[in-house]
Amino acid sequence: MTATVRTPSEPTAAAARQASPWVLHIVPPNGGGVDRWIRDALSARPDDSVLHVSDRQWVLELPGHRFFPLNPTDEQQVAAAIGRPSCIHLHSLQGPVMHAALGLRGWFGADVGITVHDVGFATPDALQAQRITLLREAKWLVVPTRFMRDTLEAWWGRCADGQRLPPLHVIPNGWRPLQPSSLSPRVSAHDRYEVAMVGAIGAHKGLAFANAVAKALPDGVRIVLIGYAEGALTPGWLVPDRLWVHGVFQPEALEELLSTYGARVVWFAPGVPESFCYALSDVWQAGWPAIVPDIGALGERMRAQGFGCTYDPSLSVEGVATLLTDWLKDPPYQPRQDRPVEREPSLAETMEQFGVLYTERSQAMQESIFPDENQLQRLAQQHLDSAFFRKEILRLQEELMLSRERVKAQEDRNSALLQELQRLATLYDARGNWILKLEADIESLQRSLANCPTVESPKGLGHRVREMLNRVLRKNGVSTDD
């Protein structure tokens, strides 16, 4: 069914260009695979918009990378300013994202479709009942792999008490050709690294296991992580002389990086099962074979394409080190021998399938209404003024008051110090006057003693008096050299 598009009274240039129903994608703010999916989708569907949702702020992204920060507590005004999409596409089952979808669905009257991008939904928590409700009421559900389909259906069977699951579709994350970078990637290390790892590696993706494998490899066999690790974002040794971190990279540069480092195979450490794994897509598009744990989407995709091999994810550190060493001794595949990603669905094919879901299966909406950018701008300004500028002013005010208190305390300390200095100056003045008097008295006494005949003998009374006077003078800081 084709939607009728109605523009606002003063359509923007972007609105005037739009010729098809638009979709509102609702996503969490933490990026990762979801953001990669969104960027790919927007390249094929440039008229869609994205609502980035967190606890205290929403940010609406309109075509052309225009962003409007919004206050989620003004839901009615925000919904009116957003307009009305032909469909809401939810990309997360986190609390704030689900809350936003449930609220906006009521204002828009639009169908909600959900893509389940990761296995986090299956972790029991306080939001499980809300997840089940939202999934049950969705118009359609999408997962990127059969592994995710099986995981979702098994979880639903355990937790949903026999409720019906909406139509569930397996639509892989399509790949699109990566344009070679015009700039040569910067390589910080100069040694050869025959084993590579690709992506961001944390505790949940086998970081500790990877460190242990690096230490267990024979001398001279090193691993390069083209990406970064938890606690290691910049180039450097993660395991000295064993595991080198390259740092952040652009996917377009991966083929050249793998070649420059001398990698012969890419290894994926065992961790939380992958729902799809864009890193494997990038590795295969670069033309490198991979060794992956036989679990989740990695095992599923490797069994389907075969450019590399799988291993038991419970294999020991020593077992994996031996597996990598044996591969290097007699590799069954060479770099650039195959690019199996090209046998998987392309981005165009993926978005064609979503286009069917957005239109034919989302029949509740008869009409799309474009976002009101003037209203969005007003709401954004109001939100920033109240939520951020006011808080910033309050923070500055508190800092100013604290600074004033510190200045007052320092002034009090300075005043007390000045008073002490004045007291000491008075004491020193009095002491100086006393010393001057002593010196005058001593000088007078010395003149008298000089005329006394008894001082001619060193043992006489005059000598003893002189010694006594000198001790008194030295005690009071007066020189007795003369």
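The existence of a salt bridge linking D372 and R378 is excluded, since no basic side-chain nitrogen approaches an acidic carboxylate oxygen closer than 4.0 Å. Using a 4.0 Å cut-off between charged nitrogen and carboxylate oxygen, D35 and R39 count as a salt-bridge pair. Using a 4.0 Å cut-off between charged side-chain N and carboxylate O, D219 and R242 make a salt bridge.
Counting only heavy atoms from C-beta outward, the side chains of P29 and S54 approach each other to under 4.5 Å. Counting heavy atoms from C-beta on, the side chains of Q94 and L127 never come closer than 4.5 Å. When side chains are defined from C-beta on, V195 does not count as touching R222, because their heavy atoms never get closer than 4.5 Å. No side-chain heavy atom of Q285 sits less than 4.5 Å from a side-chain heavy atom of R339. The shortest distance between side-chain heavy atoms of I88 and D111 does not fall below 4.5 Å. Residues R264 and P331 meet the side-chain proximity criterion, which asks for heavy atoms closer than 4.5 Å. Side chains of L225 and W244 form no contact here, defined as non-hydrogen atoms less than 4.5 Å apart. Looking at W327 and P332, their side chains come closer than 4.5 Å, going by heavy atoms from C-beta outward.
When only modelled atom types and interatomic distance are considered, E61 and H52 share a side-chain donor-acceptor pair under 3.5 Å.
Between C277 atom SG and M302 atom CE the span is 10.0 Å, to the nearest 0.5 Å. For the atom pair CD1 (I295) and OG1 (T310), the distance works out to 12.0 Å, reported to the nearest 0.5 Å. Annotation: the span from T151 atom OG1 to R146 atom CZ amounts to 12.5 Å, rounded to 0.5 Å. Considering OG of S92 and CD1 of I114, their distance stands at 10.0 Å, rounded to 0.5 Å. Atom CH2 of W140 sits about 8.0 Å away from atom NE2 of H169, to the nearest 0.5 Å. Between I26 atom CD1 and L104 atom CG the span is 5.5 Å, to the nearest 0.5 Å.
Here the two rings, on H246 and Y261, have centers that are under 6.0 Å apart. Between Y358 and H89, the distance from one ring center to the other falls under 6.0 angstrom. Annotation: F354 is in aromatic contact with W37 [ring centroid separation under 6.0 Å].
Within 6.0 Å of atom CD in E153, more than 12 heavy atoms from other residues, nucleotides or ligands are found, so the atom counts as buried in its surroundings. For F307, the CZ atom sits in a packed shell: over 12 heavy atoms of surrounding residues, nucleotides or ligands are nearer than 6.0 Å.
For the pair R301 and F276, the cation sits on the ring face: its NZ or CZ lies under 6.0 Å from the ring centre, inside 45° of the axis.
Side-chain N or O atoms of Y228 include none that pairs as donor or acceptor with a backbone N or O of F249 at under 3.5 Å. W175 places a side-chain N or O within donor-acceptor distance of the main-chain N or O of E344, the cut-off being under 3.5 Å. Formation of a donor-acceptor pair under 3.5 Å by the T350 side chain with backbone atoms of G174 is found in this model. The backbone N or O of S275 lies less than 3.5 Å from a partner atom in the side chain of T145, making a donor-acceptor pair. Between the E300 side chain and the A297 main chain, no donor and acceptor come within less than 3.5 Å of each other. In terms of modelled atom types and a separation under 3.5 Å, the side chain of R136 and the main chain of L165 share no donor-acceptor contact. No donor-acceptor pair closer than 3.5 Å links the side chain of S259 to the backbone N or O of E255. A donor-acceptor contact shorter than 3.5 Å links the side chain of D48 to the backbone of V23. Proximity of a side-chain donor or acceptor of W156 to a complementary backbone N or O of Q163 within less than 3.5 Å is detected. Using a distance-only test at 3.5 Å, with no hydrogens or angles considered, a donor-acceptor pair links the side chain of T133 to the main chain of A129.
Nearest heavy-atom pair, P166 versus L135, reported as atom, atom and distance to 0.1 Å: CG-O, 2.9 Å. Listed here is the closest heavy atom pair of F209 and L315: CZ-O, 3.5 Å. Closest approach of F268 to A279, counting heavy atoms only: CE2-CB, 3.9 Å. Heavy atoms only, all atoms of each residue included: A110 and P85 are closest at CB-O, 3.9 Å. P270 and P313 make their closest contact through CB-O, 3.9 Å (heavy atoms, listed as atom of the first residue, atom of the second, distance). Nearest heavy-atom pair, P96 versus D55, reported as atom, atom and distance to 0.1 Å: CG-OD1, 3.0 Å.
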(message) Please determine whether salt bridge (Lys or Arg N to Asp or Glu O under 4.0 Å) holds for the pair D40 and R45, giving the CA-CA distance in whole Å, both sets of side-chain angles, and the decisive distance to 0.1 Å.
(response) CA-CA 9 Å; D40 284 348; R45 298 181 54 86; over 6 Å; no
(request) Could you walk me through whether D241 and K215 pass salt bridge (Lys or Arg N to Asp or Glu O under 4.0 Å), step by step? (result) CA-CA 9 Å; D241 201 38; K215 296 175 183 177; over 6 Å; no
(message) Could you walk me through whether R66 and E373 satisfy the salt bridge (Lys or Arg N to Asp or Glu O under 4.0 Å) test, starting with their C-alpha distance in whole Å, then the side-chain angles of each, then the deciding distance to 0.1 Å, before giving a yes or no?
(response) CA-CA 10 Å; R66 291 167 297 149; E373 295 189 32; 2.6 Å; yes
(request) Please assess V143 against L152 for the test side chain to side chain contact (heavy atoms under 4.5 Å, CB included), listing each intermediate value before the final yes or no. (result) CA-CA 9 Å; V143 290; L152 178 57; 4.2 Å; yes
(request) List the steps, then state whether side chain to side chain contact (heavy atoms under 4.5 Å, CB included) holds for L62 with L376. (result) CA-CA 11 Å; L62 295 185; L376 287 171; 3.9 Å; yes
(request) Kindly determine whether L323 and I291 satisfy side chain to side chain contact (heavy atoms under 4.5 Å, CB included), including the steps that lead there. (result) CA-CA 9 Å; L323 173 67; I291 299 176; 3.8 Å; yes
(message) T325 vs V221, test: side chain to side chain contact (heavy atoms under 4.5 Å, CB included). Steps then yes/no.
(response) CA-CA 8 Å; T325 304; V221 178; 5.6 Å; no
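Partner of R84 under the side chain to side chain contact (heavy atoms under 4.5 Å, CB included) criterion, chosen from F108, W107, W22: F108.
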